[in-house]
Student: 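I'd like to ask you about the structure that follows.
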Amino acid sequence: MECQECHERPATLHFKQIINGEETAVSMCEDCAKKKGYMSYPEEGYSLHDLLTGLFNFDNLKMSNPSGKQLKQVKDLQCSSCGMTFSEFKKVGKFGCAHCYESFASRLEPIFRRVHAGNTKHFGKIPKRAGSDLHVKRQLKSYKEELKNLIESEAFEEAAKVRDKIKALEKGHREPEAGDEI
Amino acid sequence: MTLENFIDEAISPWMLEDGPDKDIVMSSRIRLARNFANVSYPILAEQDTLEEIRSFFEKEYAHQSFQSYEDLEFVSIRDLTPVEKTVLVEKHLISPHLAKHAQQGAALISKNEQVSVMINEEDHIRIQLYFPGLQLRKALEHSFHFDDWLEQKVNYAFDETKGYLTSCPTNVGTGMRASVMMHLPALAMTNQINRMIPAISQLGLVVRGIYGEGSEALGNIFQISNQITLGKSEADIIEDLESVVNQLIDHERTARNHIIEQSGTKLEDRVFRSYGVLQHSRIIDSKEASKCISDVRMGIDLGIIKNTSGNILNELMVLTQPGFLQQYANRTLKAGERDVLRATLIRERLKLEK
């Protein structure tokens, strides 16, 4: 069947319209269907990106408080570093800079939870330089846990050694132990 | 250019190496997304800023080596012809996004093509590392070392609770996407894969076609990767992925054995028909080629076709992509011309095996 509009290309789409109980059917090609406004969505269809921006778009306005009144619209947040606003972020689904994470912090938790199966905290690699303080912090935490276990099991000699390590770490971040790989 | 030389150029050296379960798992990949701490992300940054980043990488890393990743070649996207860009995408060395949208985009590619670093993609830095077969742990270990090496000169955007800060909230945390490319013809033939995909996605993993997001599973090749990057360590993510991949391998082997037992002659018929098409056709489109290549590869794995290398699938899958065909022809080709050249190339390649 050829397209009823252009009579050139084959008709690949068939539409049925019911207006006031009156039924009309048209068949046309994709190009003409677009021109006629039968297809409103963009060519690429529904991408993962659309899905994600959809996820971000839950407006505070739609949520009502217990008294049944609508919440006032929250003023749009803006990142002081790159200038991106929160509504822009929701539209494109991408942050403008690393500082956006801080600027929009108050509204990001639900987004992270949705995208990452309920998780909001990083567990994993820490950069060597950018995270060197954090390395020490984590090392201290693990020593302290070790110390606690050793004391509980009354291994006092071992415990003393671990205690010294903790002291050294706390004193200056650059004692030999601090340089050890975790 | 002779066909042999062309194949040498088309196939990344690491692809020819052996890897665990290589009959089913074609490759393992780790991708790490990283950014500079105090610079706007590419989506917002000024052209000048991106240009600075680009030249920083050229100055600091071009022709540098790290461990087995030697002589990093610096490639500026804007200096490439459209065909050259397509070829890099088809080799998975750069992403379609970098090829299309990044005026200030660049890539550092190691000599063995196992590591590529994309610059000014969605994030400032994206490190990709490939291993043949199922070697996720090794790939992770190597990518961590490579990451540490880059970090010596770059201040990464990192936050104690949110991890690596990426442009897209779907990458925040580890910034890691681990993926495995699998050839699953028997699971596809028996329609089992369609029943497995929903179960796999419940585990926070995604199943896609060979060229990533939105692409269909051409030639029964499926890409399985993690979706979640926050709240789980890289090692845990990889362990989950690996266990699913191992199950898929088991199921695929069982399904193959089952097909042989139940309908061995039918399978042999299918394999040899496809082999015949590849050996003799004069016009072949990429869909038919992928299907036939997949059949023949399975025939090789199951010993139905002898004296032909199993690598042929990986090789022909890349060689028969539009970009490579045009590079081989050294000009732009229309779809019809491509189908003719594709058929010729496949015929010639199969002759080399004899």
Side-chain angles (χ1 to χ4, degrees), chain A residues 44-53 55-56 79 81-85 88-105 107-138 181-182, chain B residues 32 34-46 122-124 140 143-144 147-176 202-204 206 208 212-214 226-237:
Chain A
E44 294 86 28
Y46 204 66
S47 70
L48 182 68
H49 176 248
D50 295 328
L51 188 74
L52 288 172
T53 48
L55 279 180
F56 303 157
C79 176
S81 181
C82 68
M84 184 178 258
T85 63
E88 277 168 347
F89 162 71
K90 280 199 302 187
K91 217 191 229 156
V92 289
K94 308 254 169 15
F95 293 110
C97 73
H99 191 70
C100 288
Y101 280 88
E102 225 172 276
S103 309
F104 307 147
R107 306 189 56 186
L108 292 177
E109 295 292 296
I111 293 175
F112 291 142
R113 238 178 267 134
R114 277 183 188 212
V115 177
H116 296 286
N119 298 317
T120 55
K121 274 207 174 79
H122 174 56
F123 259 98
K125 194 171 193 271
I126 299 169
K128 282 237 152 75
R129 284 190 316 112
S132 62
D133 286 350
L134 205 53
H135 274 292
V136 175
K137 254 198 223 167
R138 289 209 179 171
E181 296 282 343
I182 295 175
Chain B
L32 301 174
R34 302 288 186 252
N35 285 284
F36 284 89
N38 295 311
V39 185
S40 290
Y41 295 153
I43 181 180
L44 270 195
E46 302 284 334
E122 184 183 296
D123 295 294
H124 294 136
L140 182 67
S143 68
F144 272 11
D147 182 38
D148 292 340
W149 179 66
L150 278 190
E151 200 219 336
Q152 288 173 12
K153 289 179 185 165
V154 180
N155 286 322
Y156 280 162
F158 181 82
D159 174 78
E160 186 174 340
T161 52
K162 292 291 169 269
Y164 291 92
L165 305 176
T166 53
S167 178
C168 186
T170 54
N171 292 317
V172 71
T174 61
M176 180 188 77
Q202 286 189 343
L203 296 165
V206 200
R208 296 193 182 109
E213 215 174 285
N226 65 300
Q227 178 79 332
I228 292 163
T229 56
L230 192 63
K232 270 163 110 185
S233 75
E234 291 88 346
D236 286 348
I237 293 171

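Below, chain A is the first sequence line, B the second, and so on; all start at residue 1.
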Student: Count the heavy-atom pairs under 4.5 Å between each of A:Gly83, A:Pro127, A:Cys100 and chain B, then report the option with the highest count.
Tutor: A:Pro127
Student: Quick one: what part of A:Ile126 sits under 4.5 Å from any heavy atom of chain B, side chain, backbone, both or neither?
Tutor: both
Student: Among B:Asp236, B:Asp147, B:Ile228, B:Asp159, which residue forms the greatest number of heavy-atom pairs with chain A at distances under 4.5 Å?
Tutor: B:Ile228
Student: Without swapping roles, check the side chain of A:His122 against the backbone of B:Val172 for a donor-acceptor pair under 3.5 Å.
Tutor: no
Student: A quick test of your reading: do over 12 heavy atoms of other residues, nucleotides or ligands sit less than 6.0 Å from NZ of B:Lys153?
Tutor: yes
Student: Which heavy atom in A:His116 sits nearest to a heavy atom in B:Thr170, and how many Å separate them?
Tutor: CE1-O, 3.4 Å
Student: Go through B:Leu32, B:Asn171, B:Thr166, B:Val154 and name the one with the most non-hydrogen pairs under 4.5 angstrom from chain A.
Tutor: B:Thr166
Student: Restricting to salt bridge (Lys or Arg N to Asp or Glu O under 4.0 Å), what partner residues turn up for B:Glu46, sequence neighbours left out?
Tutor: none
Student: Are any of the side-chain heavy atoms of A:Lys125 and B:Asp148 separated by less than 4.5 Å?
Tutor: yes
Student: With sequence neighbours left out, write down each residue that passes ring pair (Phe, Tyr, Trp, His ring centres under 6.0 Å) with A:Phe112, or none if nothing qualifies.
Tutor: none
Student: Highest number of heavy-atom pairs under 4.5 Å with chain A: which of B:Ser167, B:Gly173, B:Gly204?
Tutor: B:Ser167
Student: Does any heavy atom of chain A fall under 4.5 Å from the side chain of B:Gln152, the backbone, both, or neither of them?
Tutor: backbone
Student: Could you tell me if the side chain of B:Tyr41 sits less than 4.5 Å from the side chain of A:Cys82, heavy atoms only?
Tutor: no
Student: If I compare all heavy atoms of B:Ile43 with all of A:Lys94, which pair ends up nearest, and what's the gap?
Tutor: CD1-CB, 3.8 Å
Student: Is a side-chain donor or acceptor of B:Lys162 paired with a backbone partner of A:Thr120 at a separation under 3.5 angstrom?
Tutor: yes
Student: Please classify the contact between B:Asn155 and chain A as side chain, backbone, both or neither, with a heavy-atom cut-off of under 4.5 Å.
Tutor: both
Student: Using only atom types and a distance under 3.5 Å, with no angle test, would you say the side chain of A:Arg129 pairs donor to acceptor with the backbone of B:Tyr156?
Tutor: no
Student: Of all the heavy-atom pairs spanning A:Tyr101 and B:Cys168, show the shortest one and how long it is.
Tutor: OH-O, 4.3 Å
Student: Kindly compute the distance separating OG1 (B:Thr174) from CZ (A:Phe123), expressed to the nearest 0.5 Å.
Tutor: 13.0 Å
Student: Does any backbone or side-chain atom of B:Phe158 lie under 4.5 Å from a heavy atom of chain A? Answer side chain, backbone, both or neither.
Tutor: side chain
Student: Could you have a look at A:Cys97, A:Gly124, A:Ala117 and say which one has the most heavy-atom pairs with chain B under 4.5 angstrom?
Tutor: A:Cys97
Student: B:Ala235, B:Gly163, B:Gly175: which one forms the most heavy-atom pairs within less than 4.5 Å of chain A?
Tutor: B:Gly163
